[in-house]
Amino acid sequence: MRYGSVCSGIEAATMAWHSLGWEPAFFSEIEAFPRAVLAHHYPDVPVHGDFTTIKRQQYGSIRLLVGGTPCQSFSVAGLRKGLDDDRGNLALEYIRLAQREQPQWLVWENVPGVLSSNGGRDFGAFLGALVEIGYGFAYRVLDAQFFGVAQRRRRVFVVGYLGDWRRAAAVLFERESLSGNPAPSREARQDTAADVAQGTEVYECHAQDSRIKALGETCSTVTAKYGTGGGNVPIVTARMRGFGDYKCDGTSSTVKARDFKDATDLVAYGFQSKANACDAAASGKNVSPTLKASSPMAVASNLNVRRLTPAECERLQGFPDRFTEIPYRNKEANKCPDGPRYKALGNSMAVPVMRWIGERIAMVDKI
């Protein structure tokens with residue numbers, strides 16, 4: 001399968017599909033750091049800039065087009081301008097590129113907010129445009145926590161197939177899920193938060209609160225400066241109980257999906273910045289919240305709070321350790337700045353989810 005990728009980021013699709021023997025024809029990315037990551041790991045694959053300028057078969061024919069166009073205008077947290085926003089219009093530019101290239105398969109990803117943007121009309125316009133250019137489609141919300149990574153990351157995936165919606169539906173929906181007897185799944189429970197609360201303490205730290213010193217100076221990555229500037233910093237800590245890799249030196253261990261057995265195995269959840277009330281606060285679930293580019297999470301143990309390391313964020317998304325630790329701006333890889341790594345990982349798709357979609361496409365493709 002030869003495919004093209006737009007809004008590529010650090011290429012979760014290629015990381016996921018390499019084992020299938022699929023070949024990337026081109027990537028398309030405009031941000032400097034992700035482009036550097038792509039050039040470092042895939043030096044033989046062309047990295048285009050603005051994908052709206054890709055001409056028909058500029059990089060040869062492709063059988064699949066994958067992309068997650070910018071989510072800000074479709075996000076609940078965004079301005080909700082939807083397709084009236086230039087970034088939202090990139091969703092339609094994706095359609096136009098598909099019309100030029102005519103690949104057999106399409107895979108498109110976005111945040112769940114796209115379903116309600118402009119009362120659902122924006123997403124309806126996107127799906128209608130797919131039909132106009134000849135594609136049948138199916139869409140489904142998939143959560144990365146059910147694919148082996150330790151974070152809740154719900155995303156909308158649209159799979160299109162040229163001329164036939166049934167093949168697209170066969171990718172995203174297993175027979176069991178359509179039979180009326182769905183396989184058991186883990187559901188959110190009302191009593192989870194109560195169980196966790198027994199080992200959880202929440203502090204609302206003001207600039208003059210002495211407790212900010214007790215918390216902030218336990219780790220170099222969370223300091224008292226977070227409690228200044230006129231805003232409150234909710235610091236949330238969870239005492240770990242029965243966590244597989246817990247170290248007795250007062251630090252938190254690496255977040256791994258396999259270590260989460262039940263609600264008492266909780267590790268996480270970090271802090272909110274005064275400028276961005278994200279969902280990184282304690283949520284009463286036994287996995288971390290969604291990894292975001294703009295709000296890095298933290299882990300806590302016995303009141304020792306620290307930010308997740310870039311390597312842990314790589315694991316949360318299913319990438320190998322140090323995948324984003326590359327030579328950058330004339331610096332060696334071991335001096336690669338953390339900021340661009342956090343952002344790139346927060347913007348990425350989850351590799352295991354993309355691997356599952358690729359495997360399903362390969363299966364249907366053989367029928």
Is there side-chain contact between [X] and [Y], with heavy atoms separated by less than 4.5 Å?
X	Y	result
E29	S5	no
S348	Q317	yes
L97	T52	no
T14	W22	no
T324	L345	yes
I361	L64	yes
I95	I133	yes
L106	F137	no

Return yes if some donor-acceptor pair links the side-chain N/O of [X] with the main-chain N/O of [Y] below 3.5 Å, else return no.
X	Y	answer
Q58	K55	yes
H41	I10	no
R2	S61	yes

If you take all heavy atoms of [X] and [Y], which pair is closest and at what distance?
X	Y	value
C336	I326	CB-O, 3.4 Å
S28	G49	OG-O, 2.6 Å
G9	P34	O-CB, 3.5 Å
A144	A350	CB-CB, 3.8 Å
A168	G136	CB-O, 4.1 Å
A12	F319	CA-CZ, 3.7 Å

Handout entry: Donor on one side chain, acceptor on other, T53 and H48, under 3.5 Å
Key =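 Side chains of T53 and H48: pair found under 3.5 Å.
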
Practice task
Ignoring hydrogens and angles, state whether a donor on the side chain of T290 or Q151 is under 3.5 Å from an acceptor on the partner side chain.
Solution key: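 Q151 and T290 do not have a side-chain donor-acceptor pair below 3.5 Å.
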
How many angstroms lie between atom [atom1] of [X] and atom [atom2] of [Y], to the nearest 0.5 angstrom?
X	Y	atom1	atom2	result
L308	L316	CG	CG	6.0 Å
R153	Q145	CZ	CD	12.5 Å
L291	E312	CG	CD	11.0 Å
N89	T69	CG	OG1	10.0 Å
I54	F51	CD1	CZ	8.0 Å
T309	D338	OG1	CG	8.5 Å

Do you reckon [X] sits in the same ILVMFWY cluster as [Y], going by side-chain contacts under 4.5 Å, direct or chained?
X	Y	answer
L115	W108	yes
M349	L20	yes
I30	L38	no
F126	L162	yes
V141	V114	yes

Exercise for the section: Check the pair L65, V6 against side chain to side chain contact (heavy atoms under 4.5 Å, CB included), reporting the backbone distance first and the verdict last. Expected result: CA-CA 8 Å; L65 178 64; V6 300; 4.1 Å; yes

Practice task
For E23 and Y3, run side-chain hydrogen bond (donor to acceptor under 3.5 Å, both in side chains): C-alpha distance rounded to whole Å, both residues' side-chain angles, the deciding distance at 0.1 Å, then the answer.
Solution key: CA-CA 6 Å; E23 175 191 358; Y3 63 92; over 6 Å; no

Handout entry: Cationic tip of R167 above Y161 ring, under 6.0 Å, 45° of axis
Key =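 So R167 does make the cation-pi contact.
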
Practice task
Could you list all the side chain to side chain donor-acceptor pair (under 3.5 Å) pairs where at least one residue sits in residues 349-365, not counting sequence neighbours?
Solution key: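 Sorted pair list: R63-D365, W105-D365.
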
Would you call [X]-[Y] a salt bridge at under 4.0 Å N-O?
X	Y	value
E93	R96	yes
D143	R152	no
R155	E109	yes

Is it the case that the ring center of [Y] lies less than 6.0 angstrom away from the ring center of [X]?
X	Y	answer
Y328	H40	no
Y139	F123	yes
F27	Y42	yes

Problem - Working for side chain to side chain contact (heavy atoms under 4.5 Å, CB included), residues L130 and V158 - result: CA-CA 10 Å; L130 280 179; V158 177; 3.9 Å; yes

Practice task
Count the heavy atoms of every other residue, nucleotide or ligand shown that sit under 6.0 Å from CZ of R56, and state whether that count exceeds 12.
Solution key: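 Yes, CZ of R56 has more than 12 neighbouring heavy atoms, counting only those of other groups under 6.0 Å.
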
Exercise for the section: Evaluate the criterion side chain to side chain contact (heavy atoms under 4.5 Å, CB included) for residue pair D164 and Y135; output intermediate values, then yes/no. Expected result: CA-CA 7 Å; D164 190 355; Y135 286 89; over 6 Å; no

Handout entry: Audit row: V66, M354, side chain to side chain contact (heavy atoms under 4.5 Å, CB included) steps and yes/no
Key = CA-CA 10 Å; V66 59; M354 295 303 293; 3.9 Å; yes

Handout entry: salt bridge (Lys or Arg N to Asp or Glu O under 4.0 Å) partners of E314, counting only residues at least two apart
Key =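 R341.
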
